[in-house]
Amino acid sequence: MTIPRKIIVTSALPYANGPIHIGHLVEYIQTDIWVRFQKLCGNQCLYFCADDTHGTPVMISARAAGIKPEELIERVHKEHKTVFDSFFVEFDNYYTTHSDENRQFSELFFKRLNEAGSIVKRTVEQAWCENCKMFLPDRYIRGTCPRCKAEDQYGDSCEVCGATYQTTDLLNPRCAACGSTPSRRKSEHYFFKLADFEKQLKKLIADEYTQKTVANKLDEWFKAGLKDWDISRDGPYFGFKIPGEENKFFYVWLDAPIGYMASAKNYCDTHGLDFERLWNSDEYELYHFIGKDIMYFHALFWPAMLIGAGFKTADKLFIHGFLTVNGEKMSKSRGTFIRADTWRKHLDPETLRYYYAGKLTGGIEDIDLSVDDFINRTNSNLVGKFANLASRSGPMLTKKLDSKIGRLDEGGKKLLNKLTAAKTQIVDDYENLNFASVVRTITALADEANRYVEQNQPWVTIKDDTETTRTTLTAVLNTVRVLTIYLKPILPKYAEKVEKFLNVGELKFEDVETVLENHTIGKFERLFNRIDKKQVNAMIEESKESKAPQVRTQTEPFAPECTIDDFAKIDMRIAKITKAEPVEGADKLLRLQLDLGGIEKNVFAGIAQAYKPDELVGKIVVCAANLKPRKMKFGLSEGMILAAGAGGKDIFILTADAGARPGQRVS
RNA sequence: GGCGGCGUAGCUCAGCUGGUUAGAGCAUGGGAUUCAUAAGCCCAGGGUCGUUGGUUCGAAUCCAACCGCCGCUACCA
């Protein structure tokens with residue numbers, strides 16, 4: 001290992017279909033702490049990430065919002081970046097998978113894998129929605145479970161009885177978007193022959209590519225046999241088109257991990273670095289931080305792709321568990337599905353960083369955010385131990401001793417030695433992602449320092465012995481300095497405040513070895529605020545109100561995109577209702593006579609339960625004027641008037657503002 | 001169903017390859033202080049280490065079964 005080390009780090013790419021929540025943040029905070037630690041040690045460490053932008057969900061969401069996917073992902077990208085900034089997650093490059101670099105790499109991977117014979121074509125049969133004009137992934141089909149008859153289940157498995165099945169087995173299948181019954185349609189797909197790489201993958205894992213527990217899990221998958229991986233999707237699909245194909249795209253999971261490289265490449269190009277050296281040589285170490293939910297992709301598919309395409313694989317995967325809140329899965333109804341921006345509105349982001357740090361061990365166990373524990377820990381450690389140490393020493397020195405730090409005596413040196421002696425342990429724990437241990441060590445040292453203050457009673461000595469007091473406070477402020485260095489990867493903002501207050505430059509890990517003597521400090525600034533349970537409750541209350549997005553999903557999804565030409569085919573005109581009468585033998589229909597500027601049309605409208613004939617006469621409405629006339633039981637209907645609503649009494653006719661004249665075209 | 005992980009004081013967790021009376025932080029009770037964001041310091045109480053067997057001179061630590069919780073079960077992201 002050369003010194004300084006050169007390290008590339010990635011976090012999993014967040015999906016561009018929704019906001020960042022505190023569960024996501026476990027990973028970004030964990031990674032960021034590690035990256036900051038490396039940088040503070042003087043290593044060159046680059047942290048790359050990006051939005052994962054492709055796939056069906058993004059496409060559907062964009063449709064539902066009535067915008068282009070490109071617009072959606074751009075908006076989400078900004079939101080994500082803002083959140084990361086506010087939590088001090090400092091990427092060297094936060095890019096997007098919808099980039100030229102990523103397209104080029106994706107095509108390169110495909111080409112190389114294809115040439116190496118690692119890709120095969122095979123016909124698969126899938127559900128097709130005629131109305132939405134698209135193939136439906138499992139998640140977009142709903143129906144009745146063939147085993148337990150539970151209704152409204154996904155196309156692959158039942159959430160009630162846990163059965164797994166094919167979408168064809170589902171009773172009453174419906175398209176989740178439009179509700180129509182899907183048909184079956186055959187299509188040719190590309191498959192990546194994962195099994196070809198079994199030997200290399202096994203070797204990789206034997207070489208400690210992952211934690212031990214993960215290796216066990218992977219072993220299970222090896223025993224089950226590695227299967228081919230479907231890497232193409234038929235259009236419409238938001239993603240990269242497969243070269244040489246008209247309507248086939250790379251599956252989002254193919255280009256997502258390639259996004260790590262694209263982000264790195266983009267950084268290299270804008271910073272004058274050689275990508276080939278940075279990404280593909282032994283000069284740089286490479287680590288991926290991921291959650292255990294995407295182990296399969298990062299421990300099997302991704303390294304296999306890299307090997308097959310002639311790239312080096314990562315040195316290690318750092319896998320973490322999920323977040324639970326108060327011991328349970330995050331829940332919208334309980335208000336524990338807390339978005340990052342909501343947290344920030346109510347609480348200091350660094351308190352979350354500190355809490356997570358105190359829980360993270362480098363293992364894959366889930367970590368729990370217990371609200372009471374969180375409040376206690378924040379108040380007791382951040383305020384009671386660290387901030388208190390500074391605030392019981394700094395202001396006294398400023399007020400009574402001209403802000404001047406003096407020299408350490410034997411007692412002070414002994415205390416400081418205790419703190420610096422912990423450096424090896426702390427560095428080791430940081431390196432091994434055992435941040436919980438780091439925090440335990442640091443808090444114990446802070447206890448030590450607080451005890452020192454107690455023993456030397458500067459508030460007593462200040463009365464008649466200023467220089468002894470100065471010596472005591474010198475020691476205490478030096479402990480503040482060292483503790484701050486240790487905490488800096490976890491609490492960057494806090495460290496910045498302390499640096500300002502101590503009137504020193506940017507502290508690094510090696511500064512632990514030196515002491516601050518004969519130095520004038522700056523003005524003390526409040527470092528942390530005590531948390532009141534009310535703040536947390538308010539945050540949870542607000543998170544419960546996340547009914548807004550649910551309303552959005554209740555809105556009927558938009559029909560497939562149409563062009564302005566399609567739209568222009570329908571000739572909509574302003575019409576005046578000149579006559580309205582009930583239709584004998586029909587209780588829903590009214591016969592309307594419309595004036596379209598001199599031209600009369602006879603229209604039957606199914607609005608009898610919502611409107612009385614009398615109240616309609618004279619109304620200015622909108623009429624689809626070129627609709628093919630339809631012969632009905634009661635006569636010929638020559639058009640259609642526009643209305644909204646669910647039907648029955650719930651119908652609302654569209655009218656025009658005053659000034660619109662019969663016959664005018666609506667556009 | 002199969003597989004994996006977890007189950008240690010009120011809470012959150014540490015306990016590496018088995019070895020004297022099982023640890024930490026927080027919370028709780030008591031005490032002495034008052035520089036400090038009612039923070040800090042000292043002392044104390046509190047656990048049959050999920051259950052039952054087994055291996056061993058000796059197990060929270062290894063093995064088996066069972067109970068409980070969680071997750072994975074690949075073309076969902």
Side-chain angles (χ1 to χ4, degrees), chain A residues 15 17-18 52 54-58 124 126 137-141 154-157 161-164 189 191-192 194 213-214 216-221 223-233 251-254 256 292-297 300-301 321-322 324 326-329 355 358-359 361 363-385 387-397 399-400 434 436-437 439-440 443-444 446-447 449-462 469 472-473 476 524 526-530:
Chain A
Y15 200 54
N17 191 30
D52 178 17
H54 294 149
T56 308
V58 162
V124 297
Q126 285 180 296
D138 289 344
R139 222 180 125 186
Y140 287 90
I141 299 186
Y154 287 125
D156 54 349
S157 68
C161 73
T164 56
H189 275 224
F191 287 81
F192 174 56
L194 181 63
T213 43
V214 175
N216 292 341
K217 183 70 193 166
L218 293 170
D219 225 33
E220 205 180 294
W221 282 329
K223 275 180 198 143
L226 302 179
K227 293 185 186 123
D228 291 353
W229 181 38
D230 187 348
I231 54 166
S232 67
R233 291 293 183 275
Y251 176 42
V252 55
W253 260 111
L254 182 96
K292 63 183 180 184
D293 51 333
I294 53 174
M295 261 162 51
Y296 203 90
F297 296 95
L300 301 178
F301 293 143
F322 298 135
T324 56
N326 293 330
E328 288 175 307
K329 218 175 188 172
Y355 189 75
K359 291 278 178 133
T361 60
I364 64 160
E365 311 80 43
D366 294 350
I367 69 167
D368 185 49
L369 169 63
S370 157
V371 165
D372 289 330
D373 185 47
F374 162 73
I375 296 169
N376 287 336
R377 240 189 239 233
T378 304
N379 290 344
S380 146
N381 291 0
L382 294 185
V383 178
K385 290 189 203 298
N388 185 42
L389 199 58
S391 115
R392 71 196 301 202
S393 54
M396 196 192 293
L397 192 78
K399 278 183 223 151
K400 313 250 169 106
N434 195 348
S437 177
V439 168
R440 270 198 302 277
T443 52
D447 287 344
N450 271 308
R451 220 169 282 138
Y452 183 85
V453 178
E454 216 69 36
Q455 282 156 5
N456 289 277
Q457 309 208 334
W459 61 91
V460 173
T461 58
I462 189 71
T469 312
T472 301
L473 295 183
V476 176
F524 177 75
R526 179 172 266 250
L527 298 166
F528 274 112
N529 288 309
R530 177 164 286 282

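Letters go in sequence order (proteins before strands), and every chain restarts at 1.
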Between atom CG in A:N376 and atom P in B:C26, what is the gap in whole Å? 9 Å

Would you say a side-chain N or O of A:R440 is under 4.0 Å from OP1 or OP2 of B:C13? no

Is A:D228 touching bases, backbone alone, or none of the nucleic acid, heavy atoms closer than 4.0 Å? base

Taking OP1 and OP2 of B:C42, is either one under 4.0 Å from a side-chain nitrogen or oxygen of A:R451? yes

Out of B:U37, B:C13, B:A77, which nucleotide sits closest to the side chain of A:R526? B:U37

Contact under 4.0 Å: A:Y251 side-chain N or O vs B:A77 OP1/OP2: yes

Rounded distance in Å - CH2 (A:W459) to C1' (B:U33): 7 Å

Check whether the side chain of A:E454 and the base of B:G40 form a donor-acceptor pair under 3.5 Å. yes

Among B:U37, B:C75, B:C35, the nucleotide that comes nearest once only the side chain of A:V453 is considered: B:C35

Does B:A32 have a Watson-Crick or wobble mate here (both distances under 3.5 Å), and if so which one? none

Parallel, tilted or perpendicular: rings of A:Y355 and A:F374 (30°, 60°): perpendicular

Determine which nucleotide pairs with B:U73, using a 3.5 Å limit on both distances of a Watson-Crick or G-U wobble pair. B:G1

Looking for any heavy atom pair under 4.0 Å, which part of the strands does A:F191 touch: base, sugar-phosphate only, or nothing? nothing

When the ring centroid of A:F297 is compared with that of A:W253, is the distance short of 6.0 Å? yes

Should A:S370 be listed as having a side-chain N or O under 4.0 Å from OP1 or OP2 of B:C11? no

Only pairs with both distances under 3.5 Å count, Watson-Crick or wobble alike; so what is the partner of B:G53 in this structure? B:C63

Write down the partner of B:G68 under the Watson-Crick or G-U wobble criteria, each distance required to be under 3.5 Å. B:C6

Interatomic distance, A:N326 CG vs B:U12 P [rounded to whole Å]: 9 Å

How close or far is atom P of B:C13 from atom CG of A:D372, stated in whole angstroms? 13 Å

List the steps and the verdict of salt bridge (Lys or Arg N to Asp or Glu O under 4.0 Å) for A:D447 and A:K385. CA-CA 7 Å; A:D447 287 344; A:K385 290 189 203 298; 2.8 Å; yes

Using Watson-Crick or G-U wobble geometry with both distances under 3.5 Å, which nucleotide pairs with B:C11? B:G25

Whole-Å gap separating P (B:G40) and CD (A:Q455): 16 Å

Nucleotide B:G25, atom C1' - distance to OH of A:Y355 in whole Å: 11 Å

For the pair made of CE in A:M295 and P in B:C76, what is the distance, rounded to whole Å? 20 Å

Whole Å only: how far is the NZ atom of A:K292 from the P atom of B:G4? 15 Å

Just compare B:A39, B:A14, B:C75 and give me whichever is closest to any side-chain atom of A:T361. B:A14

